[in-house]
Amino acid sequence: MELIYYVRLARRNWFAIVLSLILAMGTSLVVTANTSPKYQAMTTMLVSGYDKQGSLATALQAGALSQQRVQSYANLMASRRVVGQIVPRREIAAVQSSIKSEAIPLTMLLRATVTDVDPRRAAQLANSLGTAFARVIDEIERPGHASQSTVRVTVVDRAEVPQRPVSPRPLVNMAVALLIGLLVGLIGLAVRDRLDTRIRTSESLHRLSKSPTLGIIEYESGARRDPLIVRQGGRSSRAESFRSLRTNLQFQGTDKRARSLVITSCLPEEGKTSVAVNLSITFAQAGWRVMLVEGDLRRPRIPKYLGIEGSVGLADVLTGQAKAPDVIQSWGKHDLFVLPGGQIPTNPSELLGSQSMRELIGRFTADYDIVIIDAPPLLPVTDAATLAAICDDVLLVARYGRTRQEQVLRAGELLSSINAHLVGTVLNFVSTKAGQTYGYAHRPGYEANVNPENTTLVGV
């Protein structure tokens, strides 16, 4: 993983990082406050060979012997034989664990460190340890019972009562805790990010769908209450996103222009109807004759979005109960025409795949510049696949932070199995902190003020 990945991950989830650091800092403070202070006292001893002859050769031999045995003596410092001479039997194990001994390299010096919660007791144990150890070595290194020891241990630096504890160290503990908190937070976020299959980037949507991401629609808090882009005079960042989507669709394919476009999603509540309606409005604003068809005969929502009558529409036309010119409605001051869904039928899939539907789309593509069909979600029902098979192109809408990778893969496989042309994808409801906008949306002067007019019934 690259460093930039962790930087972006931390910036996107900064609150979790801050919470992790606060928890680590709090834990450090609690542990430090509940840890008893410990003190260390240190004593240093010299190991020397005993030269009873006084010759140079004998002195050198005694010195070499002392250096060879210093390391072994360091290991004997905390032995039961030595410690048992300075504390009662029941305290031997506890004192042994508090003793640290080491041989100073390239010297004949031994250093013993005793750690205890009482500074005076630490110094007393260190000094007693040096005296007891010298006595034990004198006994061990004596060749005969009445002979003199060949090695001598001398205390050269007695322990003093320490003034400051060696632990706990609040600043060090705090620094270590913050570092651990940061690492744990980043690792936790990375693991969650790897296990989380929700779509969060246009790159991942492009890779999974194997088609270009033509639009990135930014989330706006007021869009649920007023989803049409004509509000605020069409100058919102969301409106600019739809104009960018329109432009990208116009330049998809150099040989022909898309005549019929099915807009669908993987699952419900991903914003497909909002995309279909607003994309139709932007095409109409650009001077195109647009036919917007309610292809979702199970849960028709276009009439609610546009404020039109939807009791008679596509289902009635396909069943022969009405004629298309009689139920098509115009919307706004541009050439936007709408065919609502009408009565909810019992067999929507059969109606949408019928020959009547094919003929209707054929008439619409001949009379209008583009036909946009709002289809049901692709995975729960077969309606969208049925429409995709008889139309020119399909536009797949994915919702930022909700649509999952496996759902996009399944949708792509389904469209591929019926030879439908997936012209591209749209990443909808993108969080503003994702940084996907271009910065032009709120500048005045780019779009004229657009206000919808009253709807009227017109013929095809």
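With salt bridges taken as basic N to acidic carboxylate O contacts below 4.0 Å, none links Arg246 and Glu240. Electrostatic pairing of Arg120 and Glu160 does not count as a salt bridge here, judged by no charged N lying under 4.0 Å from a carboxylate O. Between Arg298 and Asp296 there is no salt bridge, since none of the side-chain N atoms of the basic residue sits less than 4.0 Å from a carboxylate O of the acidic one. Salt-bridge check for Asp393 with Arg259: failed, with every basic side-chain N at 4.0 Å or more from each acidic carboxylate O.
Checked by atom type, the side-chain pair Arg404/Thr197 shows a donor-acceptor distance below 3.5 Å. No donor-acceptor contact under 3.5 angstrom links the side chains of Ser241 and Ser244, judged on distance only. The closest side-chain donor-acceptor pair between Asn173 and Ser28, if any, does not fall under 3.5 angstrom. A donor-acceptor pair shorter than 3.5 Å cannot be found between the side chains of Arg200 and Thr403. Residues Ser237 and Glu220 bring a donor and an acceptor atom of their side chains to less than 3.5 Å of each other. Side-chain contact check for Ser98 and Arg121: no donor-acceptor pair (N or O, by modelled atom type) lies under 3.5 Å.
The shortest heavy-atom contact between Leu336 and Ser280 is CD1-CB, 3.7 Å. Residues Ser265 and Lys272 share a closest heavy-atom pair of OG-CD, 3.7 Å. Across all non-hydrogen atoms, the minimal contact from Leu279 to Thr282 is O-OG1, 2.7 Å.
No donor-acceptor pair under 3.5 Å is formed between the side chain of Ser20 and the backbone N or O of Ile17. Asp116 places no side-chain N or O within donor-acceptor distance of the main-chain N or O of Ala122, the cut-off being under 3.5 Å.
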